[in-house]
Amino acid sequence: MNKRDVFKQDIQSAGERFADAFSLPKDMVVNATLFHMVGGSELFVENFKGIISYTCHNIVIKGNHVKYCISGDCLLIDHYSNEDMKISGRIKEVKVIREA
Amino acid sequence: MERFFNMCRMHNIDLWGIKRENDICICEAYASDFLKMPPLLRKTGTRANVVKKRGLPFYFPFFKKRIIFFVGVILCLAMLNYATRYVWAVEYVGNLQISDDELSDFLEQEGIHYGIKKEDINCEEKEKKLRAMFQNVTWTSIYFEGTKLYIEVKENEKSEPVEQIITGTDIVADEAGTIISIVTRNGVPRVKAGDIVEKGQILVSGGVPVYDESQSIINYQIYDADADIYIRTPIEYTCSIKSSYPVTHYTNNTVHTGFAQILDHQFDLLFLYDFFQKEPSALYETVTEKKQVVLLDNIYLPIYYGEIDRKEYYIQYLTYTQEEMEQKLLDNLEKFIIGLEEKGVQIVEKNVKIVENRNGMELQSDLLVIKPTGIAVEIVTENTDVEEIKE
């Protein structure tokens with residue numbers, strides 16, 4: 001990890017602390033991706049940067065400095081817009097892939 | 001492909017229903033957004049094909065091909081809307097004592113008829129008038145259901161005893177003759193059995209004199225005279241018969257066809273039969289069975305359909321024999337006598353004469369009968385014939 005990345009991480013953790021201290025929504029302050037899951041069949045995603053890959057079994061979403069991998073069966077993007085996206089299907093796993 | 005989706009997102013192009021099938025993705029987008037896609041497709045090296053078009057604008061070519069059908073549907077709806085603004089059927093509910101004909105007459109008086117505009121009928125006002133016209137109607141409701149006008153009434157089921165208003169009446173003879181018997185229940189008899197009376201003569205007087213101690217009349221009590229009076233009186237009866245009489249013969253030329261009627265215009269195929277008819281002035285007996293078109297049980301339309309049965313016939317004039325004519329006349333006389341007997345008339349004497357004339361035959365009969373007589377007539381002057389009664 002180079003100095004730049006360490007600095008970025010420090011900034012991020014500082015932002016999180018700041019949000020905690022002032023009771024502000026963390027997703028707004030540190031630009032974090034927001035997931036809202038309904039049972040095991042629906043997942044609403046907000047504040048993301050885009051889709052990296054999409055297959056029936058895997059959807060990889062790019063967030064701020066992290067990637068999210070949603071695994072399951074028959075995955076379908078019900079809605080995809082600038083604001084949010086909705087994924088439906090049999091969701092088995094939501095995994096955070098931290099960039100090295 | 002993911003890049004294409006991300007670029008769509010960046011250009012505010014909404015996508016939904018994205019589904020992966022092997023190497024292709026199927027998704028939905030707005031038609032206006034689809035027109036923005038070609039540069040993005042070029043940049044990402046993606047190809048897009050339209051699988052299905054959905055929405056009203058894509059139906060315009062479909063409408064264009066079937067324009068007559070849709071115009072017909074719209075016209076039909078417009079006509080239905082127009083027709084449902086009028087009354088095309090009337091039903092009476094709850095009337096037992098008042099007949100349908102009486103209610104129909106009332107509606108006619110009020111200017112309510114088939115084909116009248118619903119908005120021209122002031123239901124509340126008509127309800128008041130209906131109650132005012134029929135005294136035994138305790139409640140009424142006039143309302144519409146579809147194109148049907150309902151006249152609902154409730155009648156006073158308990159028949160109140162009719163108050164007898166004593167107006168003061170005499171009984172007078174309604175024909176001349178000899179009184180056979182007189183039984184007076186109310187009033188003062190003016191005649192006795194065996195008296196010969198003229199038509200209009202008072203038989204029983206409704207004014208009953210009140211005497212004082214010196215037997216002089218001080219007042220009259222007025223009653224409705226009531227009595228059973230029998231009179232012997234002559235009755236004349238004449239009956240004639242023509243020697244020729246018509247007999248209807250049906251030919252085998254019968255027509256059974258359907259018809260349709262819109263308002264007063266009837267459409268049928270009878271004119272075609274008439275066209276091929278050998279005798280245009282033939283006589284027909286026509287029986288029509290007519291049914292009204294009803295939508296959803298209550299929307300009666302001014303459209304009728306049904307069947308017409310038309311039978312051709314001709315009239316043949318036959319001649320009675322003398323015996324037949326005599327028999328017919330005697331039968332008629334017999335029926336007349338039976339009718340009299342049913343009314344309580346006794347035949348005392350009967351003289352029958354049958355005369356032959358130019359057209360046929362005539363029966364002249366003089367009957368002497370004993371029958372109930374007397375009609376009630378209102379007392380005109382209060383102190384009539386005071387002196388007579390005194391005697």
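To find a chain, count down the sequence lines: A is the first, B the second, and so on, and within it residues start at 1.
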Counting only heavy atoms from other residues, nucleotides and ligands, does the tally under 6.0 Å from [atom1] of [X] exceed 12?
| X | atom1 | value |
| --- | --- | --- |
| B/N22 | CG | no |
| B/D264 | CG | no |
| A/K67 | NZ | no |
| B/H265 | NE2 | no |
| B/Y30 | OH | no |
| B/K118 | NZ | yes |
| A/R90 | CZ | no |
| B/Y143 | OH | yes |

Considering only heavy atoms and a distance below 4.5 Å, find which of A/K62, A/H79, A/E83, A/K86 pairs most often with chain B.
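Among the listed options, the one with the most contacts to chain B is A/H79.
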Kindly compute the distance separating [atom1] ([X]) from [atom2] ([Y]), expressed to the nearest 0.5 Å.
| X | Y | atom1 | atom2 | answer |
| --- | --- | --- | --- | --- |
| A/L75 | B/R20 | CG | CZ | 12.0 Å |
| B/E28 | A/D78 | CD | CG | 10.0 Å |
| B/I13 | A/S81 | CD1 | OG | 12.0 Å |
| B/K19 | A/S88 | NZ | OG | 10.5 Å |
| A/N82 | B/M10 | CG | CE | 6.5 Å |

Do any N or O atoms from the side chain of B/N6 and from the backbone of A/I51 form a donor-acceptor pair under 3.5 angstrom?
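Indeed, once roles are kept as given, a pair shorter than 3.5 Å links the two residues.
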Under 4.5 Å from any heavy atom of chain B, what part of [X] do you find: side chain, backbone, both or neither?
| X | result |
| --- | --- |
| A/K49 | backbone |
| A/I87 | neither |
| A/T55 | backbone |

So do B/M1 and A/Y54 actually touch side chain to side chain, heavy atoms under 4.5 Å?
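In short, these two side chains do not touch, never coming nearer than 4.5 Å.
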Do B/F5 and A/Y80 have side-chain heavy atoms sitting under 4.5 Å apart?
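Contact flag for B/F5/A/Y80 side chains = yes.
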Kindly give the heavy-atom pair with the smallest separation between A/L76 and B/I18, and that separation in Å.
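Between these two residues, the closest heavy atoms are CD1-O, 3.1 Å.
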Please flag which part of B/C25 lies under 4.5 Å from any non-hydrogen atom of chain A: side chain, backbone, both or neither.
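Contact with chain A involves the side chain of B/C25 alone.
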Could you list the residues that satisfy side chain to side chain donor-acceptor pair (under 3.5 Å) with B/Q97, not counting sequence neighbours?
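If we apply the side chain to side chain donor-acceptor pair (under 3.5 Å) test to B/Q97, skipping adjacent residues, the hits are B/N136.
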Passes side-chain contact (heavy atoms from CB on, under 4.5 Å), A/F48 versus B/R9? Steps please.
CA-CA 11 Å; A/F48 63 97; B/R9 184 170 161 252; 3.5 Å; yes
